[in-house]
Amino acid sequence: MNPVLFGHSPDPRIVATQQAGDDAMRVYIRTGETIVAEERPFYPFFFLSEPELIEGFHRKHWVRRLEGTGVYGHLCVFEEWPAMWDAVRHILDSYNRHAVPKIESYQDLDVIHLIGDPVTQYLMQSGRTMFKEMTFGDLHRLQLDIETYTTPGHRFSNATRAGDRIILVALSDSTGWEHVIDGRKLSEERMLEELVRCVRDRDPDVIEGHNIFNFDLPYILARCALHGVTLSLGRDGSVPRSFDSRTSFAEHAFEYTATDIAGRHVIDTLLLLQSYDAVRRNMESYGLKYAAQYFGLSPAGRTYVPGEKISWYWDNEPATLVAYALDDVRETAALSAHLSGSSFYLTQMLPYGFGTVARMGSAAKIESLLVREYLRRKHALPRPREGAQTTGGYTDVFLTGVLGPVVHADVESLYPSIMLTGSIAPGTDDLGVFLGLLKDLTTMRLDTKRAMLRTEEPIERSRLDAMQSSFKILINSFYGYLGYNRALFNDHARADEVTKTGQKILRTMIAAIRAEAGKVVEVDTDGIFFVPPVGVDTADQESAFVSVLSSRLPEGITVAMNGRYRKILSYKKKNYALLGYDNKIRIKGSSLVSRSMEQFGRTFVHHCIDSILHGNFDGLHTLYVQYHTSILSHGLDVRDFARVETLKDTVAFYEEEVKAGRRNRSAAYTVAIASGRPVRAGDRIAYYITGNDPNPRGTDHCKAAEEWDPNFPDDNSAYYMRRLNEFSEKFAVFFQPQDFRAIFSADDLFPFDPAGVALLISDVVEEPLSEEDDPRPGTFGIWLEG
DNA sequence: AGCTGTGGCAGGGAGG
DNA sequence: CCTCCCTGCCAC
């Protein structure tokens with residue numbers, strides 16, 4: 001195994017590490033069946049800038065100036081020397097004079113940017129080697145789920161409200177053990193003590209739960225505080241340590257209260273789901289039940305209890321609730337087994353524990369590999385570069401309307417391939433670690449994937465799959481890392497080089513397809529939808545066509561057929577729908593499918609697309625009339641017309657921004673504030689529009705969805721009729737104006753006649769391709785030399 | 001205590 | 001009316 005990827009330490013038995021004061025680590029070591037803790041010191045280690053200011057500084061303590069940049073690398077101190085502390089004080093004075101903001105303290109000194117963690121991680125990296133000798137199945141995992149009682153009249157459970165309390169604790173573990181701590185038999189105080197006893201007794205390596213960070217653990221901790229119970233869940237008998245954290249999945253930030261339990265790893269399947277969906281973007285919700293069904297992991301005959309009915313079941317049908325809670329932990333176990341495998345195998349590489357890896361972002365993972373190697377070779381680390389990336393992927397739409405048959409061809413791993421073939425790496429990577437890592441990870445991923453495809457045995461196969469997907473996660477993040485402002489090894493110019501090269505490859509592909517008389521419909525970043533030329537009809541012929549396309553591209557860049565479809569409905573850039581040969585419809589793009597659209601709009605648009613792709617114009621008209629009627633007669637449920645939005649910021653931050661005039665008021669925040677309950681960033685708010693003005697002004701016509709009463713519907717039908725017509729407008733470009741008006745009209749003076757209705761295909765832009773995009777071979781020198 | 005990127009569309013508020 | 005600007009959500 002490559003030591004740059006997997007670390008160098010030989011100690012194979014360390015289960016977990018934990019910081020113990022300022023200058024020591026506590027290390028948990030497995031010997032046979034038992035686990036013992038041992039304290040180990042770590043060395044002082046700092047990043048200091050402007051080291052020439054250090055009085056008494058000696059060359060042997062190592063410093064390096066980054067050539068040509070005029071910027072000094074940070075000083076790495078690997079050992080103390082007599083004048084060191086004076087030097088640190090000196091540096092500090094200098095920094096304070098220059099008003100550098102980030103000062104942290106170490107011992108009795110204020111020190112700039114103490115990085116105890118990466119250093120100890122480096123020095124203690126052996127901690128993860130235990131994982132190298134294990135498979136995921138060897139882990140002892142315990143699942144935990146609590147059910148709480150909500151005082152009638154309240155919608156949400158609250159650990160500090162009189163009457164609210166824990167009523168059930170369901171536990172299960174990977175040995176098949178299951179246990180319910182029942183609030184009918186024990187007082188809450190005894191329940192909590194029983195919980196501690198169970199966990200200590202089972203002694204799991206991993207504790208898992210769905211939303212365990214934001215719900216179960218904080219709730220349990222709050223109830224413990226109330227009863228004076230010590231929640232000594234740690235392997236050393238310590239109580240969990242909580243800290244507020246936030247992580248972002250693409251643009252979406254998620255705040256949570258992370259909890260560390262000494263000697264164990266905490267896994268929240270909600271976080272796993274979000275990070276999974278950040279790539280796929282397929283899921284409708286991150287609820288446990290939906291997710292379990294989505295992955296096909298729900299036990300047969302699973303018991304369901306709606307969240308707001310938990311207290312009712314407790315009062316009336318407690319046995320059902322017990323069954324429900326047990327099904328919850330079983331689903332959590334299955335979900336975690338499905339999703340945490342890749343984090344587990346990443347832990348074999350990274351200098352962090354399993355629990356940390358599972359909630360870390362990709363950039364931090366890549367950086368840890370780079371930093372570990374730089375520290376091992378005692379080489380200074382660069383500072384992040386200022387600046388910004390300017391270029392992204394190439395997107396275009398050439399034809400709109402319904403076309404087919406259509407082929408989707410994409411460049412496999414576009415950005416990683418460009419970085420590898422063009423040797424694009426951060427300019428500050430003196431040791432050349434970056435590309436080496438990318439190259440080795442790519443090789444390992446291909447090997448692992450091949451091995452997986454060869455393997456029949458399901459457990460081994462899923463192990464290999466988890467491994468190769470963990471490599472893939474890292475590989476795909478190398479490009480993002482280059483453009484990341486706070487990355488030590490960022491390089492915006494190189495990131496631009498990657499995207500510009502990607503654009504060039506796409507333009508080359510477009511020209512090549514056109515040269516062969518194919519019709520290019522839509523292009524986005526690394527993939528092209530096109531109608532193949534006459535004579536290219538079967539799947540084999542299409543594959544062959546794509547192979548030829550691929551051969552026109554330079555070494556290291558491979559184009560593959562990613563899919564073939566009966567028809568495409570091309571609407572706008574990044575917005576289209578596909579009709580597969582399996583007759584399934586896939587809809588893409590924020591203007592056609594968006595969680596910010598009212599549910600009725602989503603289903604309406606979906607059905608419209610279905611009808612258009614099947615040429616069923618009569619059905620299209622009927623559909624419009626049906627919705628028209630239901631809206632006017634208040635026949636829709638609040639779930640259908642409520643708009644659901646995610647709050648990105650805290651209410652306090654929002655208010656501040658509004659007050660400062662930096663931001664407009666928005667309906668979702670208005671409703672959230674009016675509801676009076678505490679809101680966190682990331683919460684979803686459902687609201688609807690009242691009154692009868694089709695263009696309501698201001699944010700005073702919105703009401704929380706919970707307040708809607710079907711007996712006295714006060715939803716604004718004029719407004720929702722306007723919305724229906726806005727959704728219909730999307731389809732105007734596909735028809736002649738008179739046909740469009742006839743279809744999307746409830747006027748029944750003349751019955752609708754679908755005869756003669758035809759679909760339009762329109763050219764959007766015909767961007768002339770420049771000379772250098774000519775697909776002749778041998779014209780790629782510019783970027784192949786890199 | 002920790003945070004990967006750009007491009008594109010829709011919708012709403014503010015102000016001309 | 002329109003344009004500008006911001007936010008949310010989505011594709012890759």
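Model, not experiment: these values are computed from the prediction. Below, chain A is the first sequence line, B the second, and so on; all start at residue 1.
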Q) Base, sugar-phosphate alone, or nothing: which one does A/Gly480 contact when heavy atoms must sit under 4.0 Å apart? A) base
**Q.** Nearest listed nucleotide, side chain of A/Gln389, among B/dT6, B/dT4, C/dC9
**A.** B/dT6
Q. Of the nucleotides B/dG12, B/dG8, B/dG11, which has the atom closest to the A/Arg722 side chain?
A. B/dG12
Q: Just say parallel, tilted or perpendicular for the rings of A/Phe604 and A/Phe744, cut-offs at 30° and 60°.
A: perpendicular
Q) Nearest-Å distance, CD1 (A/Ile366) to C1' (B/dG5)? A) 12 Å
Q: Establish, with yes or no, whether the OP1 or OP2 oxygen of C/dC10 is under 4.0 angstrom from a side-chain nitrogen or oxygen of A/Arg595.
A: yes
Q) Looking at B/dG8, C/dC9, B/dG5, which one has an atom nearest to any side-chain atom of A/Tyr479? A) B/dG5
Q.
Closest approach to the side chain of A/Lys573, judged atom by atom: which nucleotide of C/dA11, C/dC9, B/dC9 is it?
A. B/dC9
Q. Which word best sums up how the rings of A/Tyr571 and A/Phe734 line up, parallel for under 30°, tilted for 30 to 60°, or perpendicular for over 60°?
A. tilted
Q: Give the rounded distance in Å between these two atoms: CG of A/Leu437 and P of B/dT4.
A: 17 Å
Q) Counting any heavy atom closer than 4.0 Å, what does A/Thr499 reach on the DNA or RNA strands: base, sugar-phosphate only, or nothing? A) nothing
**Q.** Whole-Å gap separating P (B/dA10) and CG (A/Asn725)
**A.** 16 Å
Q. Which of these nucleotides, C/dA11, C/dC9, B/dG12, is closest to any side-chain atom of A/Arg643?
A. B/dG12
Q.
Determine whether a donor-acceptor pair (one donor, one acceptor, N or O, separation below 3.5 Å) exists between the side chain of A/Thr395 and the base of B/dG8.
A. no
Q. C/dC9 phosphate, OP1 or OP2: any side-chain N/O from A/Lys574 under 4.0 angstrom?
A. no
Q.
To check you understand the geometry: which heavy-atom pair defines the closest contact between A/Asn490 and A/Pro426, and what is its length?
A. O-CB, 4.5 Å
Q: Using a strict 4.0 Å threshold on nitrogen-to-oxygen distance, state whether A/Lys500 and A/Glu497 make a salt bridge.
A: no
Q. Between A/Asp524 and A/Lys573, is the closest basic N to carboxylate O distance under 4.0 Å?
A. no
Q | Side-chain N,O (A/Tyr394) to OP1/OP2 (C/dA11) below 4.0 Å | A | no
Q: Over 60° means perpendicular and under 30° means parallel, so classify the ring planes of A/Tyr688 and A/Phe641, tilted if in between.
A: perpendicular
Q) Between A/Tyr571 and A/Gly392, who's closer to the 5' end of DNA chain B by nearest nucleotide? A) A/Gly392
Q: Considering just the side-chain nitrogens and oxygens of A/Arg723, establish if one lies under 4.0 Å of OP1 or OP2 belonging to B/dG11.
A: yes
Q) What does A/Phe529 touch in the nucleic acid at a heavy-atom separation under 4.0 angstrom: a base, only the sugar-phosphate, or nothing? A) nothing
Q | Gap between atoms CG and P, on A/Leu506 and C/dC12 respectively (whole Å) | A | 12 Å
Q | From C/dC10, B/dA10, B/dA1, nucleotide with atom closest to A/Ser590 side chain | A | C/dC10
Q: Kindly say if A/Tyr576 contacts the phosphate of C/dC10, meaning a side-chain N or O under 4.0 Å from OP1 or OP2.
A: no
Q) C/dA11 C1' sits how many Å from A/Asp410 CG, rounded? A) 13 Å
Q | Proximity to the side chain of A/Lys730 - top-ranked nucleotide from B/dC3, B/dA10, B/dG5 | A | B/dA10
Q: Measure the distance from CG on A/Asn575 to P on B/dG7 and round it to the nearest whole Å.
A: 17 Å
Q) Could you state the CZ-C1' distance from A/Phe478 to B/dT4, rounded to the nearest angstrom? A) 12 Å
Q: For A/Tyr484 and B/dT4, give me the distance from atom OH to atom P, rounded to whole Å.
A: 5 Å
Q.
Nearest to the A/Ala364 side chain among B/dC3, B/dG11, B/dG8, which nucleotide is it?
A. B/dC3
Q | Sugar-phosphate, base or nothing in reach of A/Ser594, heavy atoms under 4.0 Å | A | sugar-phosphate
Q. Going by modelled atom types, is there a donor-acceptor pair between the base of B/dC3 and the side chain of A/Arg486 at under 3.5 Å?
A. yes
Q.
Please tell me whether A/Phe489 and A/Phe434 form a close aromatic pair, meaning their ring centres lie under 6.0 Å apart.
A. no
